[in-house]
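Worksheet: the structure to be examined is printed underneath.
Values reported hereafter were calculated over all heavy atoms of this structure, with side chains retained and with hydrogens, waters and symmetry mates removed. Model, not experiment: these values are computed from the prediction.
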Amino acid sequence: MKPRVRFAPSPTGYLHIGGARTALFNWLYARHTGGTFVLRIEDTDAARNTQEAVDAILSGLRWLGLDWDEGPISGDATGPSKGDRGPYFQSQRKENYQRRVEALLSRDLAYEKDGAIRFRMTREPILIPDLVVGDVMRPLTDREEIDPDWVLVRSDGQPVFHFVNVVDDLEMGITHVIRGEDHLSNTAKHIALFRAFGVEPPKYGHIPLILNPEGSKMSKRDRGASLSTYLEEGFIPEAVNNYLCLLGWSPKDNTEKLSLAEVVERFDLPQILRHNAKFDFEKLLWLQGEYCRELPDDRFYELAVRALAKVGIDTNKFNVNYVKAALDTCKGKIKTFSELPAYGGFYFKDEIVYDPEAAKKSFVPENKPRIEKLREAFAKADPFNAANLEAALKATASELGVKAGVLVHPVRLAVTGNPSGPSLYHLLEVIGKEKVMDRIKRALATF
RNA sequence: GACCCUAUGGUCUAGCGGUUAGGACACCUCCCUUUCACGGAGGUAGCCCGGGUUCGAGUCCCGGUAGGGUCGCCA
């Protein structure tokens with residue numbers, strides 16, 4: 001029988017990076033085994049659920065490229081879905097829970113107390129066979145010794161997570177439950193419930209948690225905790241997936257960069273690590289840089305234009321060849337697209353704001369005659385291209401008896417406002433003679 | 001507090017009884033480049049502690065310690 005796995009988030013906030021990785025591992029296992037990946041929205045907590053959170057889950061998974069074989073098509077709980085085990089929103093499955101409760105009640109496996117319905121939990125230790133951690137014997141805790149029974153349905157009629165989760169897994173034919181290790185202890189409850197329903201529980205695989213750099217659970221305060229950060233900061237989903245794969249799983253051969261297709265081929269549960277991993281934004285950034293550099297031009301342009309538009313720079317106002325030439329000088333230099341406006345925004349602005357620190361060093365009186373002379377040399381460059389500009393600058397430096405850097409830095413600052421950036425000669429060529437002359441002239445006035 | 005999981009450089013990890021303990025990120029130095037980045041060459045830094053088992057232990061066992069998780073009418 002082909003595995004059926006699921007990602008079952010509750011839409012109570014943003015899509016957590018740990019949740020995204022849980023989804024990824026489930027997806028990988030399904031794709032590796034030829035099984036089915038189900039998306040189920042656990043929206044039983046009406047008070048805390050939000051439509052935005054539902055949408056964030058769907059769009060986040062789509063952004064990562066984690067397609068589901070069964071589950072909602074839209075964020076509308078009553079809307080269409082794919083798969084024959086729906087509905088895939090728990091809010092639409094109330095009758096199932098009701099029927100299951102009655103079944104337990106009728107067999108005295110559950111009972112009512114204080115208006116709530118409670119499950120008669122076994123007092124015996126329960127063995128949890130885990131595909132990642134190994135066999136785990138889970139006895140009762142001291143609190144549970146006093147009263148091991150637990151609530152299935154609250155007094156307000158709402159069924160609790162442990163119950164609906166098990167009922168749905170059972171009815172959706174889930175064969176493997178891959179989830180965070182924070183659920184390991186609770187699995188005893190789930191196993192007991194499955195048995196009460198007379199079925200064997202699914203196989204479990206509890207994956208380690210993602211911790212923040214301080215070593216505690218990632219929370220919204222931590223950088224990178226929300227998947228939306230990566231969409232907003234112009235990350236490439238392939239890079240995020242790649243990094244997430246490396247947290248808690250290893251290809252075992254020192255490979256760091258792997259495509260999702262490669263991971264699908266190599267991924268399996270026994271290779272999953274058993275210890276938690278701290279989130280390292282720097283390493284993710286490194287991978288992001290790697291992927292960004294290798295992006296096909298068309299995709300690079302698309303993402304770049306989008307990032308510029310986000311800060312109000314409309315590249316449509318410029319000639320398409322100019323835009324492409326400008327972006328070409330930035331490719332391979334930036335890591336995330338959110339850096340682009342600061343890095344290459346000068347191509348699309350009229351007003352250049354000089355970096356104050358750099359201006360203090362470059363825009364000094366002794367440089368004024370030098371830059372004036374260089375500007376004259378640039379004026380004669382024909383055609384106005386990188387090679388000629390480089391030659392002109394070097395010749396001028398040599399005439400003046402100064403190093404090229406003495407001229408390079410003030411010009412860069414005058415034209416871009418930044419102390420560093422794309423290759424100077426190429427950037428000048430792209431911007432063009434007229435604007436370069438204007439910008440140098442304007443800067444000269446501040447020396 | 002009880003119970004469960006875990007423990008290799010700062011971080012992610014390889015290792016499965018005998019290795020000069022390997023790789024990656026980060027950091028440092030140098031080269032390339034008169035910017036930055038990329039690339040190249042080096043470098044600093046690690047088996048939590050204590051007992052066993054064994055000729056031999058990062059590797060197996062036990063005990064500590066530390067970190068994480070769970071014990072809800074939250075999910």
Side-chain angles (χ1 to χ4, degrees), chain A residues 8-13 42-45 47-49 90 113-118 125 128 130 132-134 136-148 150-162 164-165 180-189 206 208-211 213-217 243 246-257 273-287 289-290 292-293 330-335 339 343 358 390 393-394 397 402-409 411-413 416 418-425 427:
Chain A
S10 66
T12 52
E42 304 217 335
D43 58 342
T44 50
D45 188 348
R48 293 205 300 156
N49 295 153
Q90 287 188 330
K113 186 186 176 188
D114 298 328
I117 296 169
R118 313 184 83 222
I128 305 167
D130 192 285
V132 172
V133 183
V136 176
M137 189 61 86
R138 167 64 224 267
L140 298 180
T141 67
D142 58 353
R143 276 200 52 146
E144 291 166 338
E145 285 288 354
I146 298 164
D147 180 11
W150 47 278
V151 170
L152 294 170
V153 181
R154 300 195 286 246
S155 52
D156 65 2
Q158 288 295 314
V160 305
F161 160 77
H162 298 299
V164 295
N165 189 265
E181 195 221 76
D182 49 344
H183 287 293
L184 183 55
S185 294
N186 289 149
T187 303
K189 289 181 179 175
H206 286 91
L209 269 20
I210 298 177
L211 272 24
E214 286 70 50
S216 45
K217 227 174 165 179
Y243 179 69
L246 262 22
L247 281 184
W249 176 82
S250 164
K252 308 287 185 193
D253 66 355
N254 289 339
T255 309
E256 302 283 339
K257 275 183 66 187
L273 282 309
R274 284 170 291 271
H275 57 269
N276 297 342
K278 287 180 186 163
F279 190 82
D280 183 1
F281 203 90
E282 291 302 320
K283 184 151 185 177
L284 167 56
L285 210 51
W286 167 72
L287 272 170
E290 295 285 307
C292 190
R293 200 174 310 119
C330 300
K331 191 174 177 187
K333 303 277 199 151
I334 56 166
K335 282 188 175 173
E339 298 167 39
Y343 190 84
E390 181 169 2
L393 186 140
K394 286 185 173 165
V402 298
K403 288 185 173 180
V406 173
L407 303 178
V408 166
H409 297 292
V411 174
R412 173 185 296 286
L413 191 63
T416 72
N418 298 326
S420 66
S423 161
L424 179 67
Y425 309 115
L427 129 209

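Remark: A2(B) base-pairs with U70(B); criterion is Watson-Crick or G-U wobble with both hydrogen-bond distances under 3.5 Å. Partner assigned to A14(B) is none, using Watson-Crick or G-U wobble distances below 3.5 angstrom. The nucleotide G50(B) finds its pairing partner in C62(B), both defining distances of the Watson-Crick or G-U wobble pair being shorter than 3.5 Å. Summarising the base pairing, A26(B) is matched to no nucleotide, lacking a Watson-Crick or G-U wobble pair whose two defining distances lie under 3.5 Å. Using N1 to N3 plus N6-O4 or O6-N4 for Watson-Crick, or N1-O2 and O6-N3 for G-U wobble, each under 3.5 Å, G39(B) pairs with C31(B).
The 5' end of RNA chain B is approached more closely, in terms of each residue's nearest nucleotide, by V136(A) than by the other of W150(A) and V136(A).
Within the 4.0 angstrom heavy-atom criterion, base atoms lie near A116(A). As judged by a 4.0 angstrom heavy-atom cut-off over every strand, S10(A) is placed among residues touching the sugar-phosphate backbone only. Base contact: N186(A) has a heavy atom under 4.0 Å from a base atom. At the heavy-atom level, L273(A) lies under 4.0 Å from the strands shown only through sugar-phosphate atoms. As judged by a 4.0 angstrom heavy-atom cut-off over every strand, H206(A) is placed among residues making no nucleic acid contact. Counting any heavy atom pair closer than 4.0 Å across all strands shown, G180(A) reaches no nucleic acid atom.
Checking side-chain atoms of D130(A) against main-chain N and O of H206(A) turns up a donor-acceptor pair under 3.5 Å. The main-chain N or O of P422(A) is found under 3.5 Å from a side-chain atom of R412(A) such that the two form a donor-acceptor pair. Of the possible donor and acceptor atoms, none in the side chain of R274(A) sits under 3.5 Å from a partner among the backbone N and O of V133(A). Listed for the D156(A) side chain is a donor-acceptor partner under 3.5 Å among the backbone atoms of Q158(A).
Rounded to an integer number of Å, the gap from I146(A) CD1 to C3(B) P is 14 Å. Spacing between atom CG of D130(A) and atom P of U70(B) amounts to 16 Å, rounded to whole angstrom units. Rounded to whole angstrom, the span from the CZ atom of R274(A) across to the C1' atom of C16(B) amounts to 11 Å. Look at CG on L246(A): it is 13 Å from P on A24(B), rounded to the nearest Å. One atom, CG of D43(A), and another, P of A75(B), lie 11 Å apart when rounded to the nearest Å. Atom-to-atom, CD of E256(A) to P of U11(B) comes out at 16 Å; the value is rounded to the nearest Å. The nearest whole Å value for the distance from the CZ atom in R48(A) to the P atom in C74(B) is 9 Å. The CG atom of L140(A) sits 10 Å away from the C1' atom of C71(B) (whole-angstrom rounding).
Counting only heavy atoms from C-beta outward, the side chains of V132(A) and E181(A) never approach each other to under 4.5 Å. Using a 4.5 Å cut-off on side-chain heavy atoms (C-beta onward), F161(A) and Q90(A) make no contact. Proximity of L393(A) to E390(A): side-chain heavy atoms (C-beta onward) are nowhere separated by under 4.5 Å. Within the 4.5 Å cutoff, the side chain of Y425(A) has no heavy atoms near those of the V411(A) side chain. The shortest distance between side-chain heavy atoms of N49(A) and T12(A) falls below 4.5 Å.
G42(B) and G22(B) have their P atoms separated by 14 Å, with the value rounded to a whole Å. G9(B) and A45(B) have their C1' atoms separated by 5 Å, given to the nearest Å. Rounded to a whole angstrom, the distance from the C1' atom of A14(B) to that of A2(B) is 37 Å. For C60(B) and G43(B), the C1' atoms lie 36 Å apart once the distance is rounded to whole Å. The same atom, C1', is picked in C12(B) and in C4(B); the two are 25 Å apart, to the nearest Å. Only the C1' atoms considered, U33(B) is 50 Å distant from C49(B), to the nearest whole Å. Distance noted for atom P between U35(B) and C48(B): 44 Å (whole Å). Comparing C25(B) with C62(B), their C1' atoms sit 37 Å apart, to the nearest whole Å.
Between C74(B) and R154(A), a contact under 4.0 Å exists linking OP1 or OP2 to a side-chain N or O. For the pair R138(A) and C5(B), the criterion of a side-chain N or O lying under 4.0 Å from OP1 or OP2 is not met. Contact annotation: H275(A) side-chain N/O to U13(B) OP1/OP2 distance is under 4.0 Å.
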Verdict with reasoning, Y243(A) to F279(A), per ring-ring contact (aromatic ring centres under 6.0 Å, His included)
CA-CA 10 Å; Y243(A) 179 69; F279(A) 190 82; 5.4 Å; yes
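Judged by distance alone, with hydrogens and angles left aside, S185(A) brings no side-chain donor or acceptor close enough to the base of C3(B) to form a pair under 3.5 Å.
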With the criterion being N/O to N/O and under 3.5 Å, what pairs connect the protein with nucleotides 65-68 of chain B, and how long is each?
residue: G68(B); atom: O2'; partner: N276(A); partner atom: ND2; Å: 2.9

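Under the 4.0 Å criterion applied to side-chain N and carboxylate O atoms, K283(A) and E256(A) are assigned as salt-bridge partners.
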Per-nucleotide protein contact string for nucleotides 25-39 of chain B (B base, S sugar-phosphate only, - none; heavy atom under 4.0 Å)
B--------BBBSSS
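Of the candidate nucleotides C73(B), A14(B), G69(B), G69(B) has the atom nearest to the side chain of D182(A). Closest to the side chain of D114(A), out of A14(B), C5(B), C73(B), is C73(B).
Distance CG/L424(A) to NE2/H409(A): 9.5 Å, rounded to 0.5 Å.
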